[in-house]
Amino acid sequence: MVQKGLTGFFEKFLTKESLFINKNILQSTYSPDLILHRNDQIQQIANILGPSLRLEKPSNLFIYGKTGVGKTLSVKYTATKMSEIAKKENIALKIFYINCKLRKVADTEYRLIAKLVRELGKDIPPTGLPTEEVYNIFFNIIDKEKQLFILVLDEIDQLVKKAGDELLYNLTRINTELKNSQISILGISNDLVFVDNLDPRIKSSLSEEEILFPPYNALQIRDILNQRAKEAFKKDVIEQGVIEKCSAYAAREHGDARRALELLRVAGEIAERNGYLKVKIKHIDEAEDKIERDRVLDIVTTQPKQLQAVLYAIISLYTKKNNIIFTGKAYEVYKGTCFRSGLRPLTQRRVSDIIAELDMLGIINAKVISKGRYGRTREISLAITSASESKIKKTLEEGLGLT
DNA sequence: GTCAATTCACATGAAAGAGACCACGGTCTAGTG
DNA sequence: CTAGACCGTGGTCTCTTTCATGTGAATTGACGA
């Protein structure tokens with residue numbers, strides 16, 4: 001019975017008209033031919049990096065702005081254009097783009113350099129070699145012939161947070177040791193105050209030039225959405241007001257275009273799955289819920305067990321009485337959770353850090369408060385909707401082997 | 001009533017350990033000629 | 001004689017623990033009006 005139904009389902013699936021022409025266009029990784037509302041910034045980047053086409057070392061550049069305001073897109077765009085020209089004119093210019101945020105790729109000094117070396121075509125073991133050794137290999141490859149490198153470090157704040165700023169110091173100093181080649185660094189950061197917390201020596205050499213990417217406003221986001229939607233969706237499948245609502249949502253959240261695009265895409269998927277012929281406004285709301293839930297669920301399932309256990313403790317406390325939780329209480333419940341699921345309980349010190357991590361991930365809100373005579377603690381509350389809460393709790397129970 | 005000292009319940013830092021992963025070089029073993 | 005298996009050493013990396021220090025305001029208690 002079920003099988004038969006499934007065949008029918010797939011057949012219907014095939015014949016059903018998709019609302020999309022090309023869904024990829026709505027992915028945040030897609031780069032359009034024309035980048036709207038970023039002409040000034042792109043021009044600035046081009047001005048600063050321009051000299052590299054004459055093999056003069058351009059200034060180190062530091063770019064910052066909130067998430068989803070087109071930093072990466074603009075840089076990549078400029079970089080590919082430059083690479084094309086360099087290739088055509090036979091200029092020894094190489095541009096590397098590295099995203100430091102991707103775990104296991106470039107979030108430590110060793111891995112960053114190893115990644116660079118690999119980009120240059122030499123294989124390097126993922127671990128085992130002294131960092132010093134990897135540096136040497138890197139030097140040798142780079143310095144073999146006269147050439148210019150531009151190193152784009154995306155999400156550089158993440159890198160520094162994990163690996164310390166010594167790495168940047170080393171990188172900025174590399175040039176003094178290179179005989180033939182030269183390296184310029186282009187750092188991209190979401191964190192607006194990131195540079196201020198850097199060691200002054202690094203700060204001055206890293207941000208010889210700075211470009212600030214301001215958030216998009218609702219009108220600009222609307223333009224961007226319109227531009228992409230026109231190519232991604234079929235004609236007339238988007239109902240009046242949908243784009244406007246998307247942009248309003250995103251503008252409220254500090255002008256994050258990436259989010260707006262995701263919202264639109266997911267709304268489209270929901271509409272399509274439910275058999276609608278048009279994307280309606282209500283799908284946006286559903287999409288927002290879904291995105292939120294998926295995000296949390298994804299985090300929850302990929303994070304280590306201990307983190308899950310802490311979260312589980314917090315959630316079960318939270319449902320019991322709908323108020324604010326303190327660290328001590330959470331820790332006690334957590335210990336109980338560990339006992340039930342056979343985990344070895346961690347020290348309170350560590351749990352304190354885990355709570356801070358959960359806060360960073362945006363699953364809970366944890367604010368440090370002082371209760372005067374009654375000590376100092378974190379004030380914890382859940383930052384997820386109650387609709388997703390039960391689902392997350394269930395997932396956690398499964399993951400932890402509780403029933 | 002005012003004010004500084006006290007005190008609580010953790011937060012926050014630093015350092016170092018455990019255990020997983022890995023490369024490298026040397027030694028041992030077994031198969032080959 | 002040599003290729004491959006097998007060690008020991010030394011390296012990175014993540015997650016933790018241990019020890020130490022920091023912290024903000026309610027409370028306390030001395031003080032003076």
Side-chain angles (χ1 to χ4, degrees), chain A residues 98-118 120-141 155 158-171 193 197-199 299-314 317-318 323-339 341-361 363-381 396 399-400:
Chain A
I98 292 185
N99 189 333
C100 310
K101 192 183 175 182
L102 298 174
R103 285 169 72 84
K104 316 272 180 191
V105 175
D107 58 354
T108 69
E109 184 166 12
Y110 180 95
R111 294 215 263 245
L112 177 72
I113 306 295
K115 168 96 176 152
L116 279 174
V117 174
R118 264 185 231 120
L120 289 161
K122 191 165 180 350
D123 205 32
I124 285 279
T127 168
L129 294 182
T131 310
E132 189 67 31
E133 184 65 23
V134 188
Y135 260 111
N136 283 338
I137 298 174
F138 180 58
F139 273 145
N140 289 339
I141 298 183
E155 317 244 0
Q158 300 286 327
L159 178 66
V160 171
K161 206 166 68 194
K162 295 196 81 171
D165 49 12
E166 201 162 311
L167 161 61
L168 288 185
Y169 182 65
N170 289 340
L171 277 178
V193 294
N197 299 330
L198 280 177
D199 188 312
I299 293 172
V300 162
T301 45
T302 50
Q303 292 294 321
K305 283 267 187 304
Q306 294 289 0
L307 198 134
Q308 295 183 16
V310 175
L311 180 61
Y312 180 76
I314 291 172
L317 261 179
Y318 197 76
N323 53 17
I324 288 153
I325 305 160
F326 299 112
T327 306
K329 189 77 189 146
Y331 182 62
E332 263 174 45
V333 177
Y334 155 78
K335 274 198 289 195
T337 313
C338 283
F339 179 71
S341 66
L343 280 171
R344 193 176 50 85
L346 302 175
T347 41
Q348 183 155 335
R349 175 70 187 84
R350 178 64 187 135
V351 171
S352 175
D353 277 350
I354 291 181
I355 290 174
E357 280 168 38
L358 283 170
D359 181 41
M360 288 265 296
L361 291 168
I363 301 176
I364 62 175
N365 292 316
K367 211 172 80 195
V368 180
I369 54 150
S370 175
K371 291 190 293 171
R373 189 63 207 271
Y374 303 105
R376 219 166 114 83
T377 182
R378 278 200 172 86
E379 202 180 65
I380 305 167
S381 60
L396 282 173
L400 293 168

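Here is how names work: the chains are called A, B, and so on, in the same order as the sequence lines, proteins then strands, and each is numbered from 1.
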**Asked** Mind checking whether Leu358(A) and Ile314(A) have side chains closer than 4.5 Å, heavy atoms only?
**Response** yes
**Message:** side chain to side chain contact (heavy atoms under 4.5 Å, CB included), that's the test. Do Leu400(A) and Leu343(A) meet it? Break it down for me.
**Reply:** CA-CA 9 Å; Leu400(A) 293 168; Leu343(A) 280 171; 4.2 Å; yes
**Message:** How many whole angstroms separate atom CG of Asn136(A) from atom P of dG11(C)?
**Reply:** 14 Å
**Request:** Tell me, with the steps shown, if Ile354(A) and Leu346(A) meet side chain to side chain contact (heavy atoms under 4.5 Å, CB included).
**Result:** CA-CA 10 Å; Ile354(A) 291 181; Leu346(A) 302 175; 3.8 Å; yes
**Prompt:** To the nearest Å, how far apart are Gln308(A) CD and dC15(C) C1'?
**Reply:** 15 Å
**Distance test, side-chain N/O of Thr327(A) to OP1/OP2 of dC10(B), below 4.0 Å** = no
**Asked** Just how far, in rounded Å, is C1' of dC10(B) from CD of Glu379(A)?
**Response** 14 Å
**Message:** Could you check whether any side-chain N or O of Gln306(A) sits under 3.5 Å from a backbone N or O of Cys338(A), counting only pairs where one atom can act as donor and the other as acceptor?
**Reply:** no
**Message:** Please determine whether side chain to side chain contact (heavy atoms under 4.5 Å, CB included) holds for the pair Ile369(A) and Phe326(A), giving the CA-CA distance in whole Å, both sets of side-chain angles, and the decisive distance to 0.1 Å.
**Reply:** CA-CA 10 Å; Ile369(A) 54 150; Phe326(A) 299 112; 3.9 Å; yes
Provide a list of protein-nucleic acid N or O atom pairs under 3.5 angstrom, restricted to nucleotides 15-25 of chain B.
none

**Request:** Mind calculating the distance between CE (Met360(A)) and P (dT12(B)) to the nearest angstrom?
**Result:** 13 Å
**Prompt:** With distance as the sole test, does Thr327(A) use its side chain to make a donor-acceptor pair with the main-chain N or O of Thr377(A) at under 3.5 Å?
**Reply:** no
**Asked** Does a donor on one side chain and an acceptor on the other come within less than 3.5 Å for Gln348(A) and Tyr334(A)?
**Response** no
**Request:** Go along nucleotides 17-28 of chain C 5' to 3' and tag each nucleotide: B for a protein heavy atom under 4.0 Å from its base, S when only backbone or sugar atoms are that close, - otherwise.
**Result:** BB---BBBBBSS
**Complete:** note: Ile380(A), atom CD1; dA9(B), atom P; distance rounded to Å ~ 16 Å
**Request:** In whole angstrom, give the distance that lies between atom CD of Glu357(A) and atom P of dT14(C).
**Result:** 12 Å
**Asked** For Asp359(A) and dA11(B), what is the distance between atoms CG and C1' respectively, to the nearest whole Å?
**Response** 13 Å
**Message:** Please report the distance, rounded to the nearest Å, between CD1 in Ile369(A) and C1' in dC8(B).
**Reply:** 13 Å
